[in-house]
Participant: 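This is the structure I want to talk about, given as structure tokens.
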There are 2 protein chains.
Amino acid sequence: MSMRRIAADLECDPMAIYRHFPNREALLDAVADLALAGVVDPGPETPWDQRLSGILAAARSAALQHPGIAAHIAARPPLGVHGLRLAAGITASLTEAGLSPTAVVQTLQTLIAYVTAALAMAVNAGVRDERWHRVSQAMSGLPGETLPIVGSSEQFTYGLRLLLHGIRAEAAAGGSR
Amino acid sequence: MSMRRIAADLECDPMAIYRHFPNREALLDAVADLALAGVVDPGPETPWDQRLSGILAAARSAALQHPGIAAHIAARPPLGVHGLRLAAGITASLTEAGLSPTAVVQTLQTLIAYVTAALAMAVNAGVRDERWHRVSQAMSGLPGETLPIVGSSEQFTYGLRLLLHGIRAEAAAGGSR
DNA sequence: ACCTGAACACCGTTCAAGT
DNA sequence: ACCTGAACACCGTTCAAGT
């Protein structure tokens, strides 16, 4: 929620917020970046794939700890200091993996797309989205109990593993280009 | 935009809409599904990876032809008739690829996450998001002209290729499980 | 010069009042 | 019984009026 709601929680006039931020979006950007402050980059000593997974998983769980802001993180490019710091870590990992500069940027975009979507799913799925449950049941015919939960960290890890396979294949195929 | 706006365009009372749909979300779900009506599934004769790419790319471009509804498609599970039809096509492709039933459901979720995120990027990036441009520049040091455009179909295809690599690897590793 | 809060132009939805 | 539209409880933001 926002502006009036935040102002009420802060026990101040709604307009006082506009003294500090030009608009609602700027305020949410700032909060979003703050939510990523605690995410640690394992750094260049860690193997690139572990570093990559580490950053992405940590960013995901950090965002989920502030569910109110997760939707906004999911919707905007990471231009705050912490967002850029993590993007730099991912970029370094991908470069170390052997991708060309162009491939690094494309893969960075793909990864951010994936994390934000996984985040969005986790947020508006609660923990188990009844709607998703119905899709899965309709498709698979599996009993409900064994289905992977939408937006779960297991589900996130699975998709990330697919992408890591792709990155390795891409690096092997065109690394020097 | 919505309810009052739609009613104005329809030249009717805003409340008349509530005679046909219980709420705004139900209306948008219906419109979203309609937007996917024209997406054709190449069908089982087509090799699974081409079928998969075909469905996803077609769904993406169909959604982008109605930019007003793309954001909603990006935010909700595909439970309309056309959404389920496409999900069934994807499921069939993944099964043919050799994934286990559980892997099929997990991969389906991953793919939908990716498409919806790519869609969201394309929508709120216009065609070239100045914010994204800044991230990419900060990261890569490449001249702006050569950067892949955020939310472009080339960018979409690149990420999809990564995922297809992952699916093939997964099928080869654990197909019979 | 600074800050407050009334006011503007919205929104989705409810529900009493009309037919 | 059906439908309309006034009203409710919001929203982000502007801007005139106060100090």
Side-chain angles (χ1 to χ4, degrees), chain A residues 1-36 63-64 66-83 116 119-126 129-132 134, chain B residues 1-36 63-64 66-83 116 119-126 129-132 134:
Chain A
M1 292 117 195
S2 253
M3 297 290 91
R4 279 168 154 93
R5 205 85 157 207
I6 292 160
D9 286 10
L10 263 52
E11 283 170 30
C12 74
D13 190 275
M15 290 311 101
I17 297 169
Y18 286 84
R19 296 268 128 213
H20 304 279
F21 300 95
N23 51 41
R24 186 181 121 96
E25 198 165 53
L27 168 63
L28 293 180
D29 282 350
V31 176
D33 204 58
L34 205 63
L36 296 177
L64 285 178
H66 308 276
I69 202 66
H72 188 253
I73 294 177
R76 302 262 299 171
L79 275 179
V81 271
H82 294 293
T116 57
L119 218 46
M121 276 186 173
V123 169
N124 59 19
D129 186 329
E130 193 265 331
R131 288 173 62 87
W132 261 107
R134 270 155 61 200
Chain B
M1 293 120 193
S2 253
M3 297 288 92
R4 279 167 153 93
R5 207 84 158 207
I6 292 160
D9 286 11
L10 262 53
E11 283 170 29
C12 75
D13 189 275
M15 289 312 99
I17 298 168
Y18 286 85
R19 296 269 128 213
H20 304 279
F21 300 95
N23 51 42
R24 187 179 121 96
E25 198 167 54
L27 169 63
L28 292 181
D29 284 350
V31 177
D33 204 58
L34 206 61
L36 296 176
L64 285 177
H66 309 276
I69 202 66
H72 189 253
I73 294 178
R76 303 264 299 172
L79 276 181
V81 271
H82 294 292
T116 58
L119 218 46
M121 277 186 173
V123 169
N124 58 21
D129 186 332
E130 194 265 333
R131 288 174 62 89
W132 261 106
R134 270 155 62 201

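The sequence lines fix the lettering, A, B, ..., with proteins before strands; numbering per chain opens at 1.
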Participant: Taking all non-hydrogen atoms of both residues, which atom of A122(B) and which atom of L64(B) are closest, and how far apart?
Facilitator: CB-CD2, 3.8 Å
Participant: Enter the distance from M3(A):CE to L28(A):CG here, rounded to the nearest 0.5 Å.
Facilitator: 6.5 Å
Participant: Just the rounded figure in Å: distance from P of dC2(D) to CZ of R19(B).
Facilitator: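 Rounded to the whole Å, the gap is 8 Å.
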Participant: Who are the side chain to side chain contact (heavy atoms under 4.5 Å, CB included) partners of A30(B), not counting sequence neighbours?
Facilitator: F21(B)
Participant: Grab the CD1-C1' distance between I17(B) and dC3(D) for me, whole Å please.
Facilitator: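 My rounded result for the distance is 14 Å.
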Participant: Does the protein touch nucleotides 13-19 of chain C at the base, only the backbone, or not at all? Give it as B, S and - per nucleotide, heavy atoms under 4.0 Å.
Facilitator: BB-----
Participant: Write down the distance separating the P atoms in dA9(D) and dA9(C), rounded off to the nearest Å.
Facilitator: 22 Å
Participant: How long is the line joining CG of D13(B) and C1' of dA6(D), in whole Å?
Facilitator: 10 Å
Participant: Defining pairs by Watson-Crick or G-U wobble geometry with both distances under 3.5 Å, how would you list the stems of DNA chain D with at least three pairs each?
Facilitator: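 Stems (3+ consecutive pairs) listed as C:4-8 with D:12-16, C:12-16 with D:4-8.
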Participant: Side chain to side chain donor-acceptor pair (under 3.5 Å): which pairs involve residues 12-25 of chain A, sequence neighbours left out?
Facilitator: S2(A)-R24(A), E25(A)-R76(A)
Participant: Passes side chain to side chain contact (heavy atoms under 4.5 Å, CB included), T116(B) versus I73(B)? Steps please.
Facilitator: CA-CA 7 Å; T116(B) 58; I73(B) 294 178; 5.5 Å; no
Participant: When you compare dG12(C) with dT14(D), how far apart are their C1' atoms, in angstrom units rounded to a whole number?
Facilitator: 23 Å
Participant: Kindly give the heavy-atom pair with the smallest separation between A70(A) and V123(A), and that separation in Å.
Facilitator: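 A70(A) and V123(A) have their closest heavy atoms at CB-CG2, 3.4 Å.
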Participant: Output the rounded distance in Å from CD (E11(A)) to C1' (dT4(C)).
Facilitator: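 Value for this atom pair: 17 Å.
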Participant: Return the nearest nucleotide to the side chain of A16(B); candidates are dC10(C), dT4(C), dT4(D).
Facilitator: dT4(D)
Participant: Evaluate I69(B) against L34(B) for side chain to side chain contact (heavy atoms under 4.5 Å, CB included), listing each step before the verdict.
Facilitator: CA-CA 10 Å; I69(B) 202 66; L34(B) 206 61; over 6 Å; no
Participant: For H72(B) and D29(B), run side chain to side chain contact (heavy atoms under 4.5 Å, CB included): C-alpha distance rounded to whole Å, both residues' side-chain angles, the deciding distance at 0.1 Å, then the answer.
Facilitator: CA-CA 8 Å; H72(B) 189 253; D29(B) 284 350; 2.7 Å; yes
